[in-house]
Number of protein chains: 2
Amino acid sequence: MDQRIIKERHKLLRYLEEKGLRLTKGRESVFNEVMATHGHFAAEELVKGCKEHQRDVSRATIYRSLREMLEAGVIRETAFGEKHQHYEHVYDETLHHHARCVRCGTFIEFDDLGEEDRYRPLLEKQGFKVLGHELHFYGICHACQ
Amino acid sequence: MDQRIIKERHKLLRYLEEKGLRLTKGRESVFNEVMATHGHFAAEELVKGCKEHQRDVSRATIYRSLREMLEAGVIRETAFGEKHQHYEHVYDETLHHHARCVRCGTFIEFDDLGEEDRYRPLLEKQGFKVLGHELHFYGICHACQ
DNA sequence: ACTCCTATGAGACAGTGTATCATCTTAAAA
DNA sequence: TTTTAAGATGATACACTGTCTCATAGGAGT
């Protein structure tokens, strides 16, 4: 199995143990489905995906598991003005951000430069435990000018 | 009246005229309520706010007006990992960012450090005209740990 | 007054996410 | 092994946000 997935799995296990929770078949299915997904995904896509590729897991369990994986740092939110929440897993991708054209809505992706790290100590001084961050630029793309 | 609000009002009027629409009492109420709001706001807050401070405008009209003001460039979306869309008016360019607790949803605000400026040339080299940016941290706040 | 187009409110509707609760499972104690 | 307590799950009801439809109202020009 992919080394990176094993690492993420450990992350999840550590989190669960810390909370006194177990890695059940339900949670495992959600984890597997998430890891099998490329790019961004929505919760409802997972509901369908789990039913198809894994075992039939109820919506309640999927939403619960997603929240746990979020807190475990296995996935992160990528909200960008859509009507529903989007996620992506953190593992194989280099951290990237998005610039969105306010006219046509298309995205440009660009790599993280680590510039935001200076904010972390500020937040942690306030007792805020940082799990991740997103940087969104908005503007007008080349085609729309 | 605030000079900036007058300017925004003109923006809206130009847009409406261009579309062959009228500045009705309903639209005006929504506009006024938006301009009277500080910081971010959600659509449903406007529904209540209009009823309280302006005239009783139906939800349908408010959502419709919001979309128009969005296209007119009077407000813009500020997407967080939230269940509903948030907006803010454009004239009041905020220089702060947000960290959101994934457990309780509360926000911590922090000032912009200008760290993101290194991204601008990268984007502009691609022909992307930057209008602004938002930085979102997510994690777990002090109270929720 | 007539006509055409826009504006509006009421309410039905769909989608996303949450809360409840009865039931099942598991780990560990006895 | 049996008991027990806590966590896990699914079904389902529910709340909320946002959209759509449709009947009616209103304004501008003829």
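Keep in mind the model is a prediction, meaning the values are calculated, not measured. Per chain, numbering begins at 1; letters A, B, ... match sequence-line order. Hydrogens, waters and symmetry mates play no part in the numbers below; they use all other heavy atoms, side chains included.
The salt bridge (charged side-chain N to carboxylate O under 4.0 Å, His left out) test applied to A:Arg120 returns A:Asp117, not counting sequence neighbours. Taking A:Arg118 as the reference, B:Glu115 meet the side chain to side chain donor-acceptor pair (under 3.5 Å) condition, with sequence neighbours excluded. Scanning for salt bridge (charged side-chain N to carboxylate O under 4.0 Å, His left out) contacts around A:Arg14 gives an empty result, with sequence neighbours left out. When the salt bridge (charged side-chain N to carboxylate O under 4.0 Å, His left out) test is applied to A:Asp112, no partner is found at least two apart in sequence or on another chain. With sequence neighbours left out, the side chain to side chain donor-acceptor pair (under 3.5 Å) criterion links B:Glu17 to no other residue. The side chain to side chain donor-acceptor pair (under 3.5 Å) test applied to A:Thr61 returns A:Ser58, not counting sequence neighbours. Listed by chain and number, the residues in a side-chain contact (heavy atoms from CB on, under 4.5 Å) with B:Glu18 amount to none (sequence neighbours excluded).
Between the two ends of the helix from C:dA1-D:dT30 to C:dA30-D:dT1, each summarised by a five-pair axis, the helix axis turns through 10° (rounded to 10 degrees).
Using a 4.0 Å heavy-atom criterion, one finds that A:Ala43 contacts the sugar-phosphate atoms exclusively.
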Under 3.5 Å between N/O atoms: give me all the protein pairs with nucleotides 21-30 of chain C, atom names plus distance.
none

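You'll find the ring centres of B:Phe137 and B:Phe110 inside the 6.0 Å limit.
The distance between atom NZ of B:Lys19 and atom P of C:dT6, rounded to the nearest whole Å, is 12 Å. Note: CG (B:Leu46) to P (D:dC16) measures 17 Å, nearest angstrom. If you take CD of A:Glu68 and P of C:dT18, they are 13 Å apart, rounded to a whole angstrom. B:Leu16 has its CG atom 13 Å from the P atom of C:dT6, to the nearest Å. In this structure, the CD atom of A:Gln54 is 13 Å from the P atom of D:dG10, given to the nearest Å. If you take CD of B:Glu44 and C1' of D:dT17, they are 6 Å apart, rounded to a whole angstrom. We find that CG of A:Leu23 is positioned 10 Å from P of D:dA8, with the value rounded to whole Å. Whole-Å rounding puts the B:Leu66 CG to C:dT8 P distance at 13 Å.
Within the structure, every pair that satisfies the salt bridge (Lys or Arg N to Asp or Glu O under 4.0 Å) test and touches residues 23-39 of chain B, not counting sequence neighbours, is listed here: B:Arg9-B:Glu28, B:Arg27-B:Glu68. Every pair passing salt bridge (Lys or Arg N to Asp or Glu O under 4.0 Å) that includes a residue from residues 38-50 of chain A is listed here, sequence neighbours excluded: A:Glu44-A:Arg59.
Shortest non-hydrogen contact noted between A:Leu135 and B:Leu135 is CD1-CD1, 4.0 Å.
At a non-hydrogen distance threshold of 4.0 Å, A:Asp56, A:Val57, A:Ser58, A:Ala60, A:Thr61 from residues 55-63 of chain A come into contact with DNA chain D.
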